[in-house]
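These notes are about the structure you will find just below.
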Amino acid sequence: MPQHVKEYLPNFHYLLYDLSEYLDEEIKGNAQKRIMLKLLRDVASKSTEEFLRSFYEASHALLEIEDKQKGIEFFEITLRYVFNAVRDLTKKDMEQIVRQIETTFPERSEVAMTLADILREEGMQEGLEKGRQEGASQALAKTALQQLTEKFGALPEDLKEDIKEADLATLETILQNIFKYQSIDDVKKFFEQ
């Protein structure tokens with residue numbers, strides 16, 4: 001980026017914490033914080049079965065929330081996170097979650113059943129998958145445009161449009177080979193018919 005542009009771009013510093021090494025006993029704080037940290041820790045690193053076990057254990061902390069309305073709102077947010085974050089969650093898993101919640105939190109089972117029904121609607125999984133793919137394509141297109149602009153300078157508008165409309169496989173290939181390109185023509189070859 002030219003210096004006159006860089007001075008207007010935000011320059012944030014990120015604090016990243018690796019939660020994967022923390023044991024349950026080491027995660028402290030109020031019920032909401034403990035639930036959130038445990039779920040964030042386990043959602044990507046454990047199998048669906050192990051994650052669901054962690055979810056059940058973490059959800060028991062919901063009983064500690066004194067403000068019942070706040071507890072129900074947090075419970076709903078937590079369930080939405082679980083239903084959306086666990087990619088291979090099956091209908092059977094969702095039914096198991098609802099059954100577990102019905103026995104542990106009868107007053108909150110209606111929220112769980114409503115969310116499960118919403119997520120079970122026909123086409124929901126297809127829509128989510130399509131949305132994920134479109135999101136991934138957009139992210140890769142943006143990255144490709146940034147990397148190619150960094151390497152070659154301003155890009156032709158027609159190439160920008162081709163990259164924005166490219167499929168996931170094409171974008172992945174472009175990015176994997178970005179260091180091999182000698183000129184912008186090497187990238188244009190992907191879009192010649």
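Bear in mind the structure is a predicted one, so any value in this text is a computation, not a measurement. Positions are given from 1 along the sequence.
Listed here is the closest heavy atom pair of Leu159 and Lys188: CD1-CG, 4.3 Å. A pairwise comparison of heavy atoms in Glu21 and Glu26 identifies O-OE1, 3.9 Å as the closest pair. Minimum interatomic distance between Glu172 and Leu140 (heavy atoms only, all atoms of both residues): CG-CD1, 3.6 Å. Scanning both residues, Arg41 and Ile27, for their nearest heavy atoms gives NH1-CD1, 3.7 Å.
When side chains are defined from C-beta on, Ile163 counts as touching Leu148, because their heavy atoms get closer than 4.5 Å. Side-chain contact check for Ile174 versus Tyr181: some heavy-atom pair is nearer than 4.5 Å. Thr170 is listed as a side-chain neighbour of Phe191, based on a closest heavy-atom distance under 4.5 Å. Between Gln147 and Lys151, every side-chain heavy-atom pair lies at or beyond the 4.5 Å cut-off.
Side-chain N or O atoms of Tyr22 include none that pairs as donor or acceptor with a backbone N or O of Lys38 at under 3.5 Å.
Taking CG of Asp185 as the start and CZ of Phe152 as the end, the distance is 9.0 Å to the nearest 0.5 Å. To the nearest 0.5 Å, the span separating CD1 on Ile35 from CD on Gln32 amounts to 7.5 Å. Taken to the nearest 0.5 Å, the CD atom of Glu161 stands 9.0 Å off from the CG atom of Leu145. Distance NZ/Lys164 to NZ/Lys142: 11.0 Å, rounded to 0.5 Å. Considering CZ of Arg53 and CG of Asp42, their distance stands at 10.5 Å, rounded to 0.5 Å.
For Glu7, the CD atom is densely surrounded, since the number of other residues' heavy atoms within 6.0 Å is greater than 12.
A continuous path of ILVMFWY side-chain contacts below 4.5 Å connects Leu171 to Phe179, so both sit in one hydrophobic cluster.
With sequence neighbours excluded, no residue forms a side chain to side chain contact (heavy atoms under 4.5 Å, CB included) with Asn11.
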- Task: Starting from the C-alpha separation in whole Å, work towards a yes-or-no answer on salt bridge (charged side-chain N to carboxylate O under 4.0 Å, His left out) for Lys160 and Glu157.
- Result: CA-CA 5 Å; Lys160 287 182 187 179; Glu157 284 302 316; 3.2 Å; yes

